[in-house]
S.K.: 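One structure coming up, written as structure tokens, with questions to follow.
What you see below is based on every heavy atom in this structure, not just the backbone, and it leaves out hydrogens, waters and symmetry mates.
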Amino acid sequence: MAAPRSWALWSFCGCGWSRAVSGCRLPGLRSSSPRGPLGARLLSQEKEATETHFGFETVSEEEKGGKVYQVFESVAKKYDVMNDMMSLGIHRVWKDLLLWKMRPFPGTQLLDVAGGTGLAWILGDAEELPFDDNKFDVYTIAFGIRNVTHIDQALQEAHRVLKPGGRFLCLEFSQVNNPLLSRLYDVYSFQVIPVLGEVIAGDWKSYQYLVESIRQFPSQEEFKEMIEDAGFQKVTYENLTSGIVAIHSGFKLYLR
Amino acid sequence: MATLLRGVLRPLYAFRGGPGPPAGVPFRAVSHGTGLLYPEHIPTSVLQKVLLAAGSAGMALYDPYRHDMVAVLGETTGRRTLKVLRDQMKRDPEGAQILQERPRISLSTLDMGKLRSLPEGSFGRAYLHFLDVNVASGRGMTRVSPDTRAPTRFVDDEELAYVIQRYREIHDMLHALLGMPTNILGEIVVKWFEAVQTGLPMCVLSALFGPIRLSAQSLQLLISELIPWAVENGRRAPCVLNVYYERRWEQPLQALRQELGITEPPLRVEGLV
């Protein structure tokens, strides 16, 4: 979650309360949804023509992974400083609340995806995790799922690697529910944040992408439905700071 | 047109939802492709320019190695002055040619081989020597290369963007002409010259605040000898933006200095920091 490393690296350590961080797709690493022989690859290649968003820009799905990778390569060095500056340190409170909600105890097998720098880590793809089924008690992803090209696939993967009874927790920017705050938030996001990025990190564009990608992310209700579509039950969400961020939670109750 | 595009592409989005930009928020379609005034252009609102100017000024003071911040300060505060400079260039025959042809100085456009073959004492050789000394050595001097000049981004006029780019790219030539090294003292002297020459707010601010970090001895020399010399030369010389340097490589350095009314510096600045 916090720490200045290339965010594309993720990790897993199997003992006690284990933390692992997983990255979103790397350039060159293409995820083919039907895994298997080369034949299946050709099928997914037809999807190349599909377009998606990169902030407010439109790009091909092929490109998005690479572009997101570049953003995080660029921001890695000043990641924590920038997070502190932009959120006035509040991002630490949000992450604390996530942990509090999780209530981990010694022995909890935890997978933290897109975790930035952390403990031992493993490199991988959120849309195609290198783990067996039914492995983890808790799957968390904080401020990462927004950047994944195929969110539905990441959710399906989360469902797959969780044990029955396992919990999915996602901390992510969401939609502000208060109209006045929403206007202030927009002004702050679009007028101030890219300037902060330029002055502190010498990088306007990455922070422009950041605030745009937040606007492109589904609302609390829409994301809840997506989580349910991936097979999770008892899906709930909790707004923090009037909806600037939300914690979504879901449980895997049955074996797929 | 951007809205049409979004409407067409919406069904193709990989996931449901995606509200897109809320009303009133600057839509980035303008920042992509057709809306840009030049390739590196980042359109900014007045508020953003104010914040950028303040932020870059603060950061440049805090961390003198953030040359990019000095550049941003120049771009966000220079609009009025750049117009005056551009008009000055238009009125001068050599300046007008520069505006027309838009020469750029970078390692790819410079013919290093040709420069090396020029006679000793020529402007081209002096410039080359300056590059060699300041790129090769690391004796407390800043690494320079024609390519360390970042492209203009925040100027909302493409001709003015070129003018400030040109100003940045001839900065090294001024070092060679004034005989100033790229240590902090040398940079301040050149900034004083540029401040008088161009009137750019960024130059004036750098000239006034740059000396803050100097030792008492350097400061004393600066105030008593170097600044008066730089100011006098800056006033006397015609606008340095009107000199087509790329056409004057063969010209003897002394002759060029004489043409511009630039005299020898009152003392050697190398080794003084």
S.K.: Just wondering, are more than 12 heavy atoms of other shown residues or ligands nearer than 6.0 Å to OH in A:Y188?
M.R.: yes

S.K.: So with a 6.0 Å cut-off around CZ of A:R183, is the heavy-atom count from everything else above 12?
M.R.: no

S.K.: Going by heavy atoms in the side chains, are B:L52 and A:W204 under 4.5 Å from each other?
M.R.: yes

S.K.: Can you tell me which of B:D68, B:D63, B:I42 forms the most heavy-atom pairs within a distance under 4.5 Å of chain A?
M.R.: B:I42

S.K.: So does B:G55 get a backbone contact from the side chain of A:E198, meaning a donor-acceptor N/O pair under 3.5 Å?
M.R.: no

S.K.: Could you tell me which non-hydrogen atom of B:L51 sits nearest to which non-hydrogen atom of A:V192, and how far apart they are?
M.R.: CD1-CG2, 4.0 Å

S.K.: In Å and rounded to the nearest 0.5 Å, what is the CD1 to CE distance from A:I200 to B:M69?
M.R.: 10.0 Å

S.K.: Return yes if some donor-acceptor pair links the side-chain N/O of B:R66 with the main-chain N/O of A:V199 below 3.5 Å, else return no.
M.R.: yes

